[in-house]
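Everything quoted here is computed from the prediction, not taken from an experiment.
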2 protein chains.
Amino acid sequence: MAVTMNDVARAAGVSLKTVSNVLNDYEFIRPATKQKVLDAIAELGYEANLTARSLRSGKSRMLGLVLSDLSVPYYAELASRLMTVASARGYRVLVEQSAAEEANELSALQGTFRQLTDGLLFTPLTLGAEAIAHHRGSKPMVMLGEHIDDPRFDLVTMKNVGAARALTAHLLAGDRRRIAVIGASEEDSTGSPGLRLTGYREALAAAGMDFDPSLIVPAEWRRDGGASAVGELLDSGADFDAVFGLNDALALGAMHELQIRGVNVPADVAVAGFDDIDEARFASPSLTTVAPGMDEIAERSIALLIDRVEGTETAEQGVHVEVEFELRIRASAP
Amino acid sequence: MAVTMNDVARAAGVSLKTVSNVLNDYEFIRPATKQKVLDAIAELGYEANLTARSLRSGKSRMLGLVLSDLSVPYYAELASRLMTVASARGYRVLVEQSAAEEANELSALQGTFRQLTDGLLFTPLTLGAEAIAHHRGSKPMVMLGEHIDDPRFDLVTMKNVGAARALTAHLLAGDRRRIAVIGASEEDSTGSPGLRLTGYREALAAAGMDFDPSLIVPAEWRRDGGASAVGELLDSGADFDAVFGLNDALALGAMHELQIRGVNVPADVAVAGFDDIDEARFASPSLTTVAPGMDEIAERSIALLIDRVEGTETAEQGVHVEVEFELRIRASAP
DNA sequence: TCCGCTTTCTGCAACGATGTACTCAGACGA
DNA sequence: TCGTCTGAGTACATCGTTGCAGAAAGCGGA
């Protein structure tokens, strides 16, 4: 059996409650008593039982993170940073994969997963604002990445529109005139696809260029999605001199397919992505993309969530944080 | 406040313990009573408090996973699969990053992390068998990936030696005569680097070729490690016609650097990796590598660990599982 | 001297579940 | 008819903490 507070109390010759007081930094304890307790703890190698503490106090010092799939590089890198930042503040992160399915997102929002954690970092993909508001429960929650722009929720996000606009402007400045977009459909206006597409349209408009719906190709946001989307474009004989993949996976898949088909990147077609995952830097050619400020997203969202959990952040309305981006101009679209 | 078993008991007009009995599928309950309880549960929307259950029963239905860094694609993909498989058996996975530092591995092995979980999936990178045996505690533990070949531990691993041998043999069959190895040093004989290097040496020996230590370049197992290692090789004027990166990240980094320096892959230098991460398929050129059977690793290790936790697996000695691999011949080393 | 306040420490209940031991009918066999 | 056994359900203690209330001792002020 493990050492309990009772054993420590006996060894130190004090009451159980005094041990608890020492551990919780209660103010009025004589230094000598405190030392006795600390010595006993060290000698017995006592470690607090987190389950019992959690049951009694109602806090687990665990944060939940809901995302679609940990094997997506962007999410993996984000999760890694979130865990590191949380750990520095004494919290752990419990990850739940939703596979982008509504039922899973719902159960992560309500069920036992919620119970185990003090607060939630949520990347909704299928659930809308109303559904979330209705099922969210009472514990703190910070929305991530997706722009569910609703004053009821805390939100930490990247500048989707601005970044996409800047990246498109860069392509235009490089004399690309027919920029295909992969990963959205024409009518998208919300969510990451919609916002990034909006940035693209704004850049076109600013340059006085027409928007051509035939250059917008929907695709699953994965490498294979990017590959097949660009395949369709090529097969259809579309005329384009650049591809903007709405995330890096799409762009990398597209670039792969282009090269297989003998299209030179960037001479014939420039390629740009979004996210600046580590892989982008080492692709061949290296991928021009946008770094959405992942470190800052991780820090701000963890800080906000923990402040909510601990009652430090008291804003009534949802707090909205937008993080600065940086263009990463590389060989695929110089 | 959340609904408790007491509320359910009151609503159903039975004792608290009867509710518990229904939930735990106790045998002797009249169907009518059971139905009353189930109705009350449904009506009140009761959900068991996992923390309380865990305190009382000593089981949390959580498994720990210790790895160096979730942002490493191989680990991210593995973690994702492990979570999916565990979830199908009603378990969650709590991930801890060790950053490949000894202190972190130790604390994951002993500390509060261990307390929170019923069993551990452990990828040791710095700790040796003795240290692990000494600090392991009493809960079940399954070693992953690394070949700490010790009968005291359960282990699920890939065929490192065989796979590396087969891959090297493939390169030799393609008439590559000077195969550089990135990610190991000459004296390595254990761990992933050592085992894969052993496979390489065996393949050379089988082909009657000499082993040239100057072709073995140590490197951090990351993309940038692969890039700088191959940079060193080129700078030193070494003579080589193939690169075997001991994992895909190394190989992809190396391939990137080769192409930047104007070396044609595969015409001038063939490149091969190890792991078959998703990215390998979409690299340019696509990467020849070994698929180490990740799905099977995930299934077998979770099954073994849960069987230990639930007492189904009773082998006294450590159970050792070796999973089959498959070569993936692609464009970088046809 | 007595009161009230602060400092230091203690005991008990409680968090919400499960395990053990028990009660109480009713059935069954001798 | 009696004792025993089995089914069905209950009461209470328990897991290891923390919150709340209170007790004892010391101190200053009137």
Response to the item:
Its contact letters, B for base, S for sugar-phosphate only and - for none at protein heavy atoms under 4.0 Å, make nucleotides 20-27 of chain C read B-------

Round to a whole Å and report the spacing from [atom1] of [X] to [atom2] of [N].
X        : N       : atom1 : atom2 : answer
Phe28(B) : dA8(D)  : CZ    : C1'   : 9 Å
Leu55(B) : dG19(C) : CG    : C1'   : 13 Å
Asn6(A)  : dC15(D) : CG    : C1'   : 12 Å
Arg61(B) : dA17(C) : CZ    : P     : 16 Å
Asn24(A) : dC20(D) : CG    : P     : 13 Å
Glu27(B) : dA8(D)  : CD    : P     : 9 Å
Lys59(B) : dG19(C) : NZ    : C1'   : 15 Å

Under 4.0 Å, heavy atoms only, any strand: does [X] hit a base, just the sugar-phosphate, or nothing?
X        : result
Ile29(B) : sugar-phosphate
Leu23(A) : nothing
Asn21(A) : base

Worksheet item: Tell me, which pairs form a side-chain hydrogen bond (donor to acceptor under 3.5 Å, both in side chains) where one or both residues lie in residues 40-49 of chain B, sequence neighbours left out?
Response: none

Worksheet item: Under the side-chain hydrogen bond (donor to acceptor under 3.5 Å, both in side chains) rule, what pairs show up with a residue in residues 69-79 of chain A, not counting sequence neighbours?
Response: Asp69(A)-Ser71(A), Asp69(A)-Ser80(B)

Practice prompt. State which residues pass side-chain contact (heavy atoms from CB on, under 4.5 Å) with Ala315(A); sequence neighbours excluded, sorted by chain then number.
Written response: Arg308(A), Glu313(A), Val319(A)

Fill in: Residue closer to the 5' end of DNA chain D, Leu16(A) versus Ser15(B) (nearest nucleotide)
Ser15(B)

Worksheet entry | 5' precedence on DNA chain D between Met5(A) and Tyr26(A) (nearest-nucleotide basis) | Met5(A)

Worksheet item: Is there a donor on the side chain of Arg56(A) or the base of dT18(D) sitting less than 3.5 Å from an acceptor on the other?
Response: yes

Can you check whether [Y]'s main-chain N or O pairs, donor with acceptor, with [X]'s side chain at less than 3.5 Å?
X         : Y         : value
Glu105(A) : Phe122(A) : no
Thr123(A) : Val66(A)  : yes
Lys36(B)  : Gly13(B)  : no
Asp275(B) : Ile277(B) : no
Thr117(B) : Leu120(B) : no
Asp118(B) : Ser60(B)  : yes

Discussion item. For a salt bridge (charged side-chain N to carboxylate O under 4.0 Å, His left out) check, start with the C-alpha distance between Arg81(A) and Glu299(A), then their side-chain angles and the critical distance, and finish with the verdict.
Written reply: CA-CA 8 Å; Arg81(A) 282 171 176 70; Glu299(A) 275 157 32; over 6 Å; no

Worksheet entry | Rounded to 10 degrees, the angle between the two terminal axes of the helix from dT1(C)-dA30(D) to dA30(C)-dT1(D), each from five pairs | 60°

Worksheet item: Got a sec: does the CD of Gln110(A) have more than 12 other heavy atoms crowding it under 6.0 Å?
Response: yes

Worksheet entry | Distance test, side-chain N/O of Arg53(B) to OP1/OP2 of dT18(C), below 4.0 Å | yes

Worksheet item: Does Thr18(B) make a side-chain N or O approach to OP1 or OP2 of dG9(D) shorter than 4.0 Å?
Response: no

Worksheet item: Under the salt bridge (charged side-chain N to carboxylate O under 4.0 Å, His left out) criterion, do Arg10(B) and Asp7(B) qualify, and how do the steps go?
Response: CA-CA 5 Å; Arg10(B) 209 178 350 259; Asp7(B) 303 326; 3.2 Å; yes

Fill in: Interface residues of residues 30-50 of chain B with DNA chain C (non-hydrogen, below 4.0 angstrom)
Tyr46(B), Ala48(B), Asn49(B)

